[in-house]
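All remarks here apply to the structure that follows.
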Amino acid sequence: MSAMTRQGVAKLLARQGILVAFVLFMVVFAIANQRFLAIDNISGVIRSSAILGVMALGVTFVVIGGNLDLSVGSMMSFSTIVVLDLHDKLGPTLAIPAMFGLTLLLGAFIGVLVGYLKLNSLIVTLGMLSAIHGLTLTWSGGKNMDIADKEATWFSVFGQGDIVGIPVPILIFALLAGALSLVLGRTPFGRKVYAVGGNGVAATFSGVPRARVVFFTYLISAFCVATAGLIQASRSLGSQNTVGQGMELEVLAAVILGGASLLGGSGTVFKTVIGVLILGFIQNGLLLVGLEFYAQYIVTWIIIILAVWLDIAAKRGRLWSSIA
Amino acid sequence: MNNDIPILRLEGIVKTFPGVRALDGVSFNVLPGEVHALMGENGAGKSTLMKVLGGIHQPDEGRILIAEEPVVMTSPIQAKAKGVVFIHQELSLADELSVAENIFLGELPRKTFGRVDWTRLYAETDAILKTLNVGFNARTRVGDLSIANQQMVEIARALTVDPRAVIFDEPTASLTDAEKVVLFDVIADLKTRGVGIIYISHRMEEIFKITDRISVLRDGEYRGTLVTAETDEDKVTQAMIGRSLDLTRSPLQHEMGDIALEVRGLECGALYQDVSFSVRKGEVVGFYGLVGAGRTEIAETIFGLRAPSAGKILINGQEVRIGSPIEAIRLGISLVPEDRKGQGLVLGMNCRDNMTLPQVDDMTAGPFLANGAEVAIFDQYRDKLDIRTPGWRQQVGNLSGGNQQKIVIGKWLSMHPEVLIVDEPTRGIDVGSKSEIHNLIRELAAQGYAVIVISSEMPEVLHVSDRIVAMHNGRITREFTSDEVTEDSLIQAISGIASDKVA
Amino acid sequence: MTKENLIKQGAIWAFIAVELIFFTVMGDILSVTSKSFMDFENMLLLLKQSAPIGIIALGMTIIMVNGNIDLSVGATFALSAVVLLDSFSWPFMAAIGDWAIPLAWFFALATGLILGAINGLIVWKTGVDAFIVTLGSMLGYRGLVFMYNGEQPTSHLNWTLVDFAELQFLGLHTATWFLLLTALGLWLLMTRTVHGRNAYAIGNNREAAVNAGIRVGPHFLINFMLIGFLAALSAVVFYSESGSVNPNDGTLYELWAITAVVLGGTKLTGGYGSIVSTLGGVIAIQLLRKGLGHIGADTETVNLVIGLILITVLFLDRQLNRQGKEELKT
C-alpha cells in the first residue's frame, strides 16, 4: 500500500512536478511574508514578468518545434528602439505596424535559414543575436532613444495603462497566452509543431511540411518579441540599445522550467506561463523576505537543474545517471 | 575437436524485457576451433543473445561458462578481457579518428603523463592489419574508408586480444565477394588457432560453406543444434520457421484492375538506374533484393522524398511530378517506411495523433481540431487492424513492434490511398503479428489497393506477392510471376547472376 | 592528409588572409588613417587583445569536441576576477608583500577549477544536458559575483602586477604569451594524450566509446574543470592589467567564444575540431573588429558583420557537405 502511494506520488511529481513546486513555493513565501499574496503584489509580479512572459510564449513554439532561439533578447532591443524612433518620425499609429513588420521580417529571415535551409538553429540565432544587435546600434547610432514629448502620447497605454483595473501588460500577456495556447493545443498547426519537434523525419514521411512549420514557429516568436518590445517601449518611453540583452537565456530558462524539452516535441503554453510566473515570484518573494536581487539568480540556477533532473530521473526510473 | 571441452557454454539463458521474453532457456556450446552458426528469423533472439554474450545485457537466469568456468560479464570491455569479442553488425566506429585509434579504442597504449604511445600503437595496428591483408594502414581516417573496410576495422578490433571466442554478426552484409574471401580466410585462421567462432548470418550458402554446426533459435527458444555436414537447407529452414518453407502463395485470389502505378526508366543518380515496372489495382508486387540494392530509394522517389534524375512516374496512366510527400499523398500514394521508429512514428505522441497526422488539416471544426472526428478514425482502424492498446492516449513508444506497425499502416489506410508501398513491413515483429500483417496485405489487395511490398525476407515476398521484382545493385534483374518463381532463380536474380537471362 | 581535410583546416587561415588584404587595400583606398593596417605593432596589439576571449575559446573547443557546451564561462571569468582582485585586500595577503601575487592567482584559478568541477559533476551525475546545466550556472555564478560585492566594482591596482602584464618578452605581450602557451598546451593535450583522444572518441560516437570501456563521466569532469581553469586564467591575464572588475564583466563571452570555435570549424555535435583552427577563429574575429575600425566603419557594424559571417560559414559548410540531388529530402 505504501509502495503504491509512493509510486503515486512519484508519478504526480514526474507529471506535474513543476506545478507542485510552484504551489509549495507560494505557500512557503506566503507564510514567510504576509504581503506576498496581496493582490497588488501579485499583480505587480505578473506585470513585471509580462515582457519576459510574452517572449517566452513565442520561444515555446520554437523549442517544441525542436529548435532554439537565442536572438529574442537582441531582437527585443531592436523592436523597442525602432518603435521609439519611429514614434516621433511617423506617429504611433504608423510606428507600431512598421515595427511589427520589421521584426517579423527578421523572424522570417531566421525562419528561412533554419526551416528551409536547415541550418543549425543554435548557431543561426547566435549569429542573429550579434547581427541584430549591430543592426540596432546602426539604427540608433549607438545613442539612447527617447520619445520627445512623453506626456502627450497615448502610446504609453501598452506599458502603463489600465483597462477595468487590470494593467494592460497583464492583459496583453493573458490574451496572447490564451490565443497561443489554443493555436498550439487545438489547431492542426499546433499538432504539426509537436510532430516536427518530436520526430522531424517521421513528420516529413507523414506529409507534414517541416520547413514551413519551423518557419512559422520563428514568425510567431518574432511576433511575440515585437509585442514585448512594444510593452517595453511604452512602459519606459525611452530606451538603451541593450534593453533586451541577456534575456534570451532567461526566456529559455522559463521555457525549460515549464518542462519543455530542448530536444523538442514536448511542452505547453500553460506550462511556460507557469515557468515565467515561477521566475517572477522567486524574484519577488526573495526580495520580500529581505534578500538581495541576486539571490534570485542562485535560486533560479538550483531550481532549473532540479526541475530538469527530476524530470529525466522520473523518465529513466533512477535518480543518478548511468554515465560511467 | 569433438573431445575438447567447450570454449564457451550457455546454460538456460533467460532474458526478458518489459512485455517480451526475448530469450527463453537458451543452451548451446561452442568448441575450440569450431565455426558455429547461429540462425533464426529476425526477432528470434539472436541479437539479444549476442548482446548477453558480449556483456551489453545481463541474463535474468542461466549461466555463461568460458572453458567450463562460470563468468559474469557486465560490460563489453569485461567480455573482451575474458576473450569474448563481439563484432557488431552496425558499425560502432568513431569516424573522425584513425584506424589505429579505433582498433585500440578504450585501451590506447600509454607513455608517461598519459601520453599516447603512437609508435607502439601504429606498430601493433599495422601488424594486425597485415594479417587481414587490407589496403589501408593504421593512420588512415576511418571516415575515409569504404563500408567494407570499416567492417575490416571492426574485425581487427577482435584481434587486439588473444580471443577465445569471436562473435560475427552478419559480417558479410556489406562486403563484396572479394572481401568475403578475405573474411573467410581470417575466420579459417582463427579456427586453426583454436578460437571458437559464432557466426550469425541469413545466407545459407555461407553457412554451409564455412560452419561446422548450426544452432537454431525460434521466438527466443533454442530449437536444437545440427551438424552442418549432415543436414540441408530445408531442415535448417524447418527448424527456423517451424515448418517447411511455404512457397505457395496465400490462397486468397481476386480480380485485378487497371494499372494504378507505372514507372518508366526511372533513375536517381548512382542509387538506381533504368527502373521500369507497373502495379495493377488489386495486385501485390514484391521487391526482393539485398540491402543497398536500391529498393527503398525507389519507394522514396515515388513518395516524393527524392528527386529522380531521369524517367517518368504515371498514376492511372497520367504522368505526374511528385516533389514532396504532400503531393504524393494528394495523388493517393502512401508509404509505410522501413524504419518504423525513425521514419514512421513520432514516438512521443499518442496513438491517435500519430494516426491522424497526415490528414490533420481536414480534421477540424472551424479553426480547431475536431476531437470526436479524430477519435472516430482511431477507433475505426483500431478495430479493423486489431491494434491492442489501452486507449488512444497511449504514447506509441510504449506499444509493441507489431502494434506500432499497425498504427503506421492504419495511418495510411485512413487516407484511402490507391497505391500503398510497404517497406520491410514485418521487421522486428513477432511471428504472430507477422502473419496478421501478411494476411492484411493480401486483404488490402483484394479490396482493390495496388500494393508494393519491399522485403529482405524471402518467405515474406513469396508469400504475399502476385509478382516479384528482383533487384541487384540498383537495377531490376528480373520479374517473376508467382507461378514461375523458385527460390533458386530468385537468389540468382538478386546476386546479379541471372541478369543476362532477363526477358 | 586528404584534400577535403586541407580545405577544412585551411579555410580559416585563408579567411584571415582575405581579411588582411581587404582591410589593407580598403584602408589605402579610403585613406581614413595614415597608419598602415599590416603594421607590426598593430598586429602584436591584436594578438594581445584577442587573448581573454581566445583563452576561453580554446577551452570551449575541447568542451565542444567532447560533445558538450559551456554557457557559464563569462560568469566564471567574472567571479575569478573578483576573487583575484579582492584577495589582495585580505589581511594576511597585505602582510606578505609581492608574494600575494602568486597567491592571488592561485585563488582565482582555484575558483575557476571549482566552478568548472561543479558543472562537470552535475553533468556527469545527473545526466542533465550540458546546455541546460551551464545555462543554469551562468545565472547562478553571476549571482555569486553580485553576492560578493553587490553592484559595486571590485578594484585593486597592484603596480608590480601591471608591470608584469605590460611586459613584452621577445616582442610579444604577456597576454599573448599566455594565449600561445595555452594553445600549445591544449594542442598537445588534444593530439598527444589518451585523455584528448578519448575526448574526440566520446564526441564522435559516444556509444562506441562507452562500449569500448571508456569512462565518459571523468572525461567530462576533467574538461569542465579545464575550461573553468581557463576562464579563470583569462581573468588573471586581463585583470592583472586593468585592476578593476564590474559585476557585469564577461557577459556574452560565452557567445563570442562559441562563435570563434564555430568559425574554426569545430563540429557542434562533437568529435571534430582543432585547437589551431580555433586560434584562427579567434584571430579572425579580432582582425574583423580592428579592420572595420581601420577602414572607418562604425564599431556598431562589427556585430552585424560577425553575425552574418557566422551564418554564412554555417551555410557554406552545409553546401559543402551536401550529397547532391540524390539526397533524401527530409
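Hydrogens, waters and symmetry mates are skipped; everything else that's a heavy atom, side chains included, is used. Because the structure is a prediction, the values reported are computed rather than measured. Chain A is the first sequence line, chain B the second, and so forth, proteins listed ahead of strands; every chain is numbered from 1.
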Per-residue contact mode, [X] against chain A (heavy atom under 4.5 angstrom):
X        : result
B:Lys411 : side chain
B:Ser334 : neither
B:Glu300 : side chain

[options]: which one forms the most heavy-atom pairs within less than 4.5 Å of chain A?
options                                : value
B:Asp353, B:Ile326, B:Ile329           : B:Asp353
B:Met363, B:Lys341, B:Gln359, B:Glu374 : B:Glu374
B:Gly304, B:Ser324, B:Ala328, B:Gly342 : B:Gly342

Problem set entry | Residues forming a side chain to side chain donor-acceptor pair (under 3.5 Å) with A:Glu248, sequence neighbours excluded | none
For this session: Start with the C-alpha gap between B:Val346 and A:Tyr194, add the side-chain angles, then the distance that decides, and say whether side-chain contact (heavy atoms from CB on, under 4.5 Å) holds.
Result: CA-CA 9 Å; B:Val346 184; A:Tyr194 281 105; over 6 Å; no
Exercise. Excluding sequence neighbours, so at least two apart, what forms salt bridge (Lys or Arg N to Asp or Glu O under 4.0 Å) with B:Glu338?
Worked result: B:Arg427
Problem set entry | Heavy-atom neighbours of A:Phe270 CZ exceed 12 at 6.0 Å | no
Exercise. Which atom pair, heavy atoms only, marks the closest approach of B:Leu369 to A:Thr187?
Worked result: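 Of all heavy-atom pairs spanning B:Leu369 and A:Thr187, the closest is CD1-O, 3.6 Å.
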Problem set entry | Atom of B:Pro367, atom of A:Pro188 and distance for their closest heavy-atom approach |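 Here B:Pro367 and A:Pro188 meet closest at O-CD, 3.8 Å.
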Exercise. For the atom pair CG (B:Asn354) and CZ (A:Arg191), what is the distance rounded to the nearest 0.5 Å?
Worked result: 9.5 Å
Problem set entry | Inter- and intrachain pairs under ring pair (Phe, Tyr, Trp, His ring centres under 6.0 Å), touching residues 403-425 of chain B, at least two apart |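 Matches after skipping sequence neighbours: B:Phe303-B:Trp412.
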Exercise. Hey, are the side chains of A:Asn199 and B:Leu347 touching, using non-hydrogen atoms and a 4.5 Å cut-off?
Worked result: no
For this session: Test A:Lys192 against B:Asp361 for side-chain contact (heavy atoms from CB on, under 4.5 Å), laying out the working first.
Result: CA-CA 9 Å; A:Lys192 290 180 197 169; B:Asp361 279 327; 2.8 Å; yes
Exercise. Side chain, backbone, both or neither: which part of A:Ser266 has a non-hydrogen atom closer than 4.5 Å to chain B?
Worked result: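 It is neither, since no heavy atom gets under 4.5 Å.
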Exercise. Which residues, numbered in order, of residues 207-228 of chain A come under 4.5 angstrom of chain B by heavy-atom distance?
Worked result: A:Gly207, A:Val208, A:Pro209
